[in-house]
Student: 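Below is one structure. I have some questions about it.
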Amino acid sequence: MFGNRRRGNRDFKKGNMLHLLIIFLVSVPVLYYSVQHAFIGRGSYFVGFIWSLYFPAAVIGTVGAFGASRYATPRFEGRVSKLVVFTIPSVGSMDVLPALSRVIQSILTFAPLHLDRFRIDVVVDEGSEGIPTLLRTFGDSINLVTVPSGFRCRNGAKNKARALEYARIVREREGLARDDVFIYHLDDDTAVGADTIKSIAQFISEDDGVSYHLAQGVLSFPYDLSKSWIARVADSIRPSDDLTRFHFFTGILGRPLAGLHGEHLLVRSSVENRIGWDFGVNRLEDSYFGLVFSQLYPGKSKFLNSFVYGASPPTIYDFIKQRRRWYSGFLQLVFSNKLRPKVKIPMVLYTISYAVSPFQYAVIVVVASMLFGVQVVPDIPWLVPLWAFTMAYQLWMYLEGFRINRYVTKHMRIEWWYNALVIPLIYISGGVEAVAAAHAIADFVKKKDSFHVIRKPM
């Protein structure tokens, strides 16, 4: 499906939907047997309802996966002359410089292959400790955008959104808020490859000025850039989520109603300038941007057939902080009165799934059954196919994502039999995700405004 940094232009083997069918066919008799031998407890129907909530998301994701199978490795070999501004917001501290340097070097290596004009904007706060090192290392190869300490957004945006808003204002002053300029967003730990640049250039070369204004692609997480096995397995869900759920909305519908990532995101400069990043205090400015874009430009987004290469959180603690911020951000978006209700429907669907994830996690249900007499397996046989499909879809997502991340791993050998470890590790990482979701719900209820920045040493 896609090329990658290690294997050049060799095609990435397409995901096999047959695997999903096989897992489903195995899951049906297993769950049916469990239901047939279940004791009907007081919480039986409640647990059955909770277990059914993810089914619509699984159906949407499956449709997205079938659509994504049409894509091929980008074969673009030409060049484009329109300006691409690579925008990388960073805290600029010394501990993130190794990851940030890897990102900048990847752009300098691959961007000249297909882009005649590009610029690297590194956006940091005034006084960041890493500024002298950055200037000494890269010099004129980067454009350092320094956010003044006294800069305040009109609506109160903070952190990353504040930095992006300042960078937007700078480009507007420079006269770059035009239709023929494109802004490509990256995080300070997410590098590009040859396939990434090919897809960007191809998107721009095929652009007629009216068809599409935004595109996003697939995030991958090479294991040689990640230390924690729990985080590695948990992040298996992210590339497959891009090829299913995100592809359905951004690629098939042309509306990023499921939100956007803050990296591997290409936006026409004039469009980004119109929307801006000043959405007030918000933990998920990229997803908010996607919903506003869906309101203003329905059907104008596309999918990039390429990867970017990021690093999973280095520790379980950092992983929980990351997910906690995401889940509390989803709740913020859902209850925002500044967005039209209809554009929030998919986000509501997925937020409900995240919010009840602690109750979907098997260990928590077992403990609840022991303490309160709540039945672990609900006795509703006619819903078994629905639950089996949901369970099969989730397992398939992790296995497919594990396969993708293994494929893009460069300096670390990952044996094929490691796939067998994914299933048991899913339940461990799922428990960690459930803890993060519970913390996020508590943050939202308490109206706690916290923004956690995780370490990025690689």
Side-chain angles (χ1 to χ4, degrees), residues 82-113 115-154 157-178 180-193 196-197 200 261-270 272-273 276-278 285-286 289 308-311 451 453-458:
K82 292 180 181 178
L83 175 63
V84 177
V85 180
F86 292 84
T87 302
I88 312 170
S90 176
V91 294
S93 58
M94 294 302 294
D95 62 329
V96 305
L97 286 190
L100 177 57
S101 297
R102 172 175 58 84
V103 175
I104 295 172
Q105 191 57 55
S106 72
I107 299 171
L108 294 175
T109 299
F110 296 110
L113 299 179
L115 304 178
D116 288 335
R117 301 169 62 211
F118 70 92
R119 189 176 86 183
I120 303 174
D121 284 4
V122 180
V123 189
V124 296
D125 281 331
E126 181 182 17
S128 297
E129 61 177 337
I131 289 178
T133 303
L134 279 173
L135 292 175
R136 185 168 56 250
T137 304
F138 295 102
D140 294 337
S141 297
I142 63 173
N143 177 46
L144 199 65
V145 180
T146 305
V147 184
S149 57
F151 174 72
R152 298 290 183 274
C153 293
R154 181 177 301 178
K158 298 179 179 180
N159 305 307
K160 181 180 176 181
R162 170 177 170 270
L164 291 175
E165 178 66 6
Y166 182 78
R168 179 197 66 78
I169 293 172
V170 169
R171 290 194 302 268
E172 184 179 33
R173 291 172 181 169
E174 295 175 329
L176 296 180
R178 307 194 308 261
D180 61 343
V181 175
F182 291 84
I183 313 302
Y184 181 73
H185 292 273
L186 283 171
D187 276 353
D188 56 5
D189 64 339
T190 308
V192 302
T196 317
I197 302 301
I200 294 172
H261 298 307
E263 61 273 317
H264 207 2
L265 172 63
L266 185 67
V267 188
R268 194 182 300 276
S269 184
S270 57
E272 180 168 330
N273 194 64
W277 295 95
D278 186 12
E285 65 286 327
D286 39 18
F289 186 98
V308 288
Y309 308 92
F451 188 91
V453 178
I454 66 172
R455 293 175 298 143
K456 300 172 181 179
M458 303 181 73

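A quick note: this is a predicted structure, and the numbers were derived from the prediction, not measured.
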Student: I want to check something: taking the side chain as every heavy atom from C-beta on, are Ile120 and Phe138 in contact at a cut-off of under 4.5 Å?
Tutor: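 Heavy-atom side-chain distance check fails, nothing below 4.5 Å.
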
Student: Where do Met94 and Glu129 come nearest, in terms of heavy atoms and distance?
Tutor: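 In terms of heavy atoms, the two residues are closest at N-OE2, 3.1 Å.
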
Student: Check whether any side-chain heavy atom of Tyr309 lies under 4.5 Å from a side-chain heavy atom of Thr196, and answer yes or no.
Tutor: yes

Student: For the atom pair CD1 (Ile131) and OG1 (Thr146), what is the distance rounded to the nearest 0.5 Å?
Tutor: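 Answer for the CD1-OG1 pair, Ile131 versus Thr146, is 4.5 Å.
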
Student: Taking all atoms of both residues into account, what is the closest heavy-atom pair of Gly92 and Ser128, and its distance?
Tutor: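 Smallest interatomic distance, heavy atoms only, reads O-CB, 3.9 Å.
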
Student: Under the ring-ring contact (aromatic ring centres under 6.0 Å, His included) test, which residues partner Tyr184, sequence neighbours left out?
Tutor: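 With neighbours one apart ignored, the set is Phe86, His264.
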
Student: Decide yes or no for Leu265 and His261: does some side-chain heavy atom of the first lie under 4.5 Å from some side-chain heavy atom of the second?
Tutor: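 Not touching, per the 4.5 Å side-chain cut-off.
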
Student: So, Asp188 side chain and Leu100 main chain: donor-acceptor pair closer than 3.5 Å or not?
Tutor: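 The answer is no, because no donor-acceptor pair under 3.5 Å joins these two groups.
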
Student: Ignoring hydrogens, what is the shortest heavy-atom contact between Ala191 and Arg102? Give both atom names and the distance.
Tutor: CB-NH1, 3.6 Å

Student: Taking the side chain as every heavy atom from C-beta outward, state whether Asp189 and Val96 have any pair of such atoms under 4.5 Å apart.
Tutor: no

Student: Pairs of donor and acceptor atoms involving the side chains of residues 103-111, under 3.5 Å and at least two apart or interchain, shall be tabulated with distances.
Tutor:
{"residue": "Ser106", "atom": "OG", "partner": "Val103", "partner atom": "O", "Å": "2.6"}
{"residue": "Ser106", "atom": "OG", "partner": "Val192", "partner atom": "N", "Å": "3.1"}
{"residue": "Thr109", "atom": "OG1", "partner": "Gln105", "partner atom": "O", "Å": "2.8"}

Student: What distance do Arg268 atom CZ and Ile183 atom CD1 have between them, rounded to the nearest 0.5 Å?
Tutor: 11.5 Å

Student: Say whether, by atom type as modelled, one donor and one acceptor occur between the side chain of Thr137 and the main chain of Thr133 under 3.5 angstrom.
Tutor: yes

Student: Taking all non-hydrogen atoms of both residues, which atom of Val145 and which atom of Val170 are closest, and how far apart?
Tutor: CG1-CG2, 4.3 Å

Student: About how many Å separate CG of Leu135 and CG of Asp140, when rounded to the nearest 0.5 Å?
Tutor: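 So the gap between those two atoms works out to 9.5 Å.
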
Student: So how far is it from His185 NE2 to Leu266 CG, rounded to the nearest 0.5 Å?
Tutor: 8.5 Å

Student: Could you work out, with side-chain hydrogen bond (donor to acceptor under 3.5 Å, both in side chains) as the rule, every residue matching Arg171, not counting sequence neighbours?
Tutor: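 Checked Arg171 against side-chain hydrogen bond (donor to acceptor under 3.5 Å, both in side chains); matches are Glu272.
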
Student: Who pairs with Ser93 by side-chain hydrogen bond (donor to acceptor under 3.5 Å, both in side chains), at least two apart in sequence or on another chain?
Tutor: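 Per chain and number, Ser93 pairs via side-chain hydrogen bond (donor to acceptor under 3.5 Å, both in side chains) with Asp95.
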
Student: Can a salt bridge be assigned to the pair Glu165 and Arg168 using a cut-off of 4.0 Å between side-chain N and carboxylate O?
Tutor: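 Salt bridge between Glu165 and Arg168, a charged N being under 4.0 Å from a carboxylate O: yes.
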
Student: Using modelled atom types and a 3.5 Å cut-off, is there a donor and acceptor pairing between side-chain atoms of Glu285 and backbone atoms of Trp277?
Tutor: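 Not a single qualifying donor-acceptor pair exists.
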
Student: Applying side-chain hydrogen bond (donor to acceptor under 3.5 Å, both in side chains), name anything that partners Tyr166, two or more places apart in sequence or on another chain.
Tutor: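 Expected list: none.
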
Student: Do Leu176 and Arg119 pass the side chain to side chain contact (heavy atoms under 4.5 Å, CB included) test, and can you show the C-alpha distance, the side-chain angles, and the key distance before you say yes or no?
Tutor: CA-CA 12 Å; Leu176 296 180; Arg119 189 176 86 183; 3.9 Å; yes

Student: Donor-acceptor check, side chain of Ser149 to backbone of Glu126, threshold 3.5 angstrom: yes or no?
Tutor: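 Such a contact is absent between Ser149 side chain and Glu126 backbone.
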
Student: How many angstroms lie between atom CG of Leu134 and atom CD1 of Ile142, to the nearest 0.5 angstrom?
Tutor: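 Going from CG on Leu134 over to CD1 on Ile142, the span is 5.0 Å.
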
Student: Show your reasoning for whether side chain to side chain contact (heavy atoms under 4.5 Å, CB included) applies to Leu83 and Arg178.
Tutor: CA-CA 10 Å; Leu83 175 63; Arg178 307 194 308 261; 5.7 Å; no

Student: Considering all heavy atoms of both residues, which atom of Gly262 and which atom of Lys160 are nearest to each other, and what is their separation?
Tutor: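 Taking Gly262 first and Lys160 second, the nearest heavy atoms are CA-NZ, 3.7 Å.
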
Student: Does any part of the side chain of Val123, heavy atoms only, come nearer than 4.5 Å to the side chain of Leu164, both counted from C-beta?
Tutor: no

Student: Could you work out, with side-chain hydrogen bond (donor to acceptor under 3.5 Å, both in side chains) as the rule, every residue matching Arg152, not counting sequence neighbours?
Tutor: none

